Amino acid sequence: MSRADAAMIMRCTEGHPYGSGIHLMRFAHRAGVILVALAVSALSQPADAAQGRFTFRYTADGHTRKGALDNPVDGKCIDVTGSVGGSGRADTGKNRTRTVATVYLSIDCEDDGVLLLPGETHPIPFKTVRFG
């Protein structure tokens, strides 16, 4: 920026509540940086995802293993053990997302499910889960 441009900004902002032109430019710069950061964080997370993690245990090859769904899609029926290459039922579902999860015994999320609020654990076996 040239001195003439800076002088013009100073004249245009005299008496402004934010002070001199330099202070106004600093304020505008900071506001712009914050807006860009918010936009980037909003774009990095799908709007239809349950933010957080849903963990569970399952058996594969005779061994108990731990599985997790990170930021699972809202509204979709998810085969929990199938999502990690396993089969059968899972147990000890822990809802560490920011939304309600419903666990089901059926493969298609059609039976009476059990609601898990954020932070709750479900110790009984289940096959599928739906968020939202």
Side-chain angles (χ1 to χ4, degrees):
M1 174 184 307
S2 71
R3 285 182 183 229
D5 291 337
M8 183 180 77
I9 290 172
M10 294 288 285
R11 282 191 306 275
C12 292
T13 59
E14 284 180 16
H16 194 276
Y18 291 113
S20 70
I22 298 298
H23 292 295
L24 183 60
M25 288 189 306
R26 285 182 185 159
F27 173 78
H29 180 272
R30 287 183 184 141
V33 168
I34 290 169
L35 288 175
V36 169
L38 287 173
V40 168
S41 72
L43 292 174
S44 66
Q45 179 64 31
D48 59 346
Q51 294 181 355
R53 179 175 255 212
F54 182 85
T55 60
F56 54 92
R57 290 185 321 176
Y58 68 102
T59 302
D61 301 324
H63 296 86
T64 300
R65 301 184 182 187
K66 293 181 181 180
L69 302 172
D70 290 318
N71 302 321
V73 176
D74 275 348
K76 181 180 177 185
C77 183
I78 301 169
D79 177 355
V80 177
T81 55
S83 70
V84 291
S87 61
R89 302 205 187 284
D91 64 40
T92 316
K94 294 180 183 179
N95 185 9
R96 302 292 182 243
T97 69
R98 295 182 183 174
T99 190
V100 174
T102 306
V103 294
Y104 301 89
L105 284 172
S106 69
I107 188 69
D108 54 6
C109 297
E110 292 297 323
D111 60 90
D112 293 335
V114 176
L115 289 177
L116 286 178
L117 297 175
E120 288 187 331
T121 300
H122 180 66
I124 300 171
F126 61 96
K127 178 64 177 162
T128 52
V129 63
R130 179 178 284 146
F131 295 88

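From a predicted model like this one, the values you see are computed outputs, not experimental measurements. This chain uses plain numbering: 1 for the first residue, then up along the sequence.
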Contact summary for [X] and [Y], nearest pair of heavy atoms:
X     : Y      : value
Gly52 : Pro72  : O-CD, 4.0 Å
Phe56 : Ser83  : CZ-OG, 4.3 Å
His63 : Asp61  : ND1-O, 2.8 Å
Phe54 : Ala101 : CE1-CB, 4.3 Å

Does any donor atom in the side chain of Thr92 or Arg57 lie under 3.5 Å from an acceptor atom in the other side chain?
-> yes

Please determine, by modelled atom types, if Lys127 and Ser106 share a side-chain donor-acceptor pair under 3.5 angstrom.
-> no

Taking atom [atom1] of [X] and atom [atom2] of [Y], what is their separation to the nearest 0.5 Å?
X      : Y      : atom1 : atom2 : result
Asn71  : Arg98  : CG    : CZ    : 9.0 Å
Thr81  : Ile107 : OG1   : CD1   : 7.0 Å
Asn95  : Leu115 : CG    : CG    : 10.0 Å
Thr121 : Leu116 : OG1   : CG    : 7.5 Å
Glu120 : Arg96  : CD    : CZ    : 10.0 Å
Asp70  : Thr97  : CG    : OG1   : 11.0 Å

Does one hydrophobic cluster hold both [X] and [Y], with members joined at side-chain heavy-atom distances below 4.5 Å?
X      : Y      : answer
Val73  : Phe131 : no
Val103 : Ile78  : yes
Leu105 : Val129 : no
Val84  : Leu69  : yes

Does Thr128 reach the main-chain N or O of Cys77 with its side chain, forming a donor-acceptor pair under 3.5 Å?
-> no

Begin with the C-alpha distance, continue with both residues' side-chain angles, and end with the deciding distance and a verdict on side chain to side chain contact (heavy atoms under 4.5 Å, CB included) for Val80 and Phe126.
-> CA-CA 8 Å; Val80 177; Phe126 61 96; 3.7 Å; yes

Is the number of heavy atoms from other residues, nucleotides or ligands under 6.0 Å of Asp112 CG greater than 12?
-> no

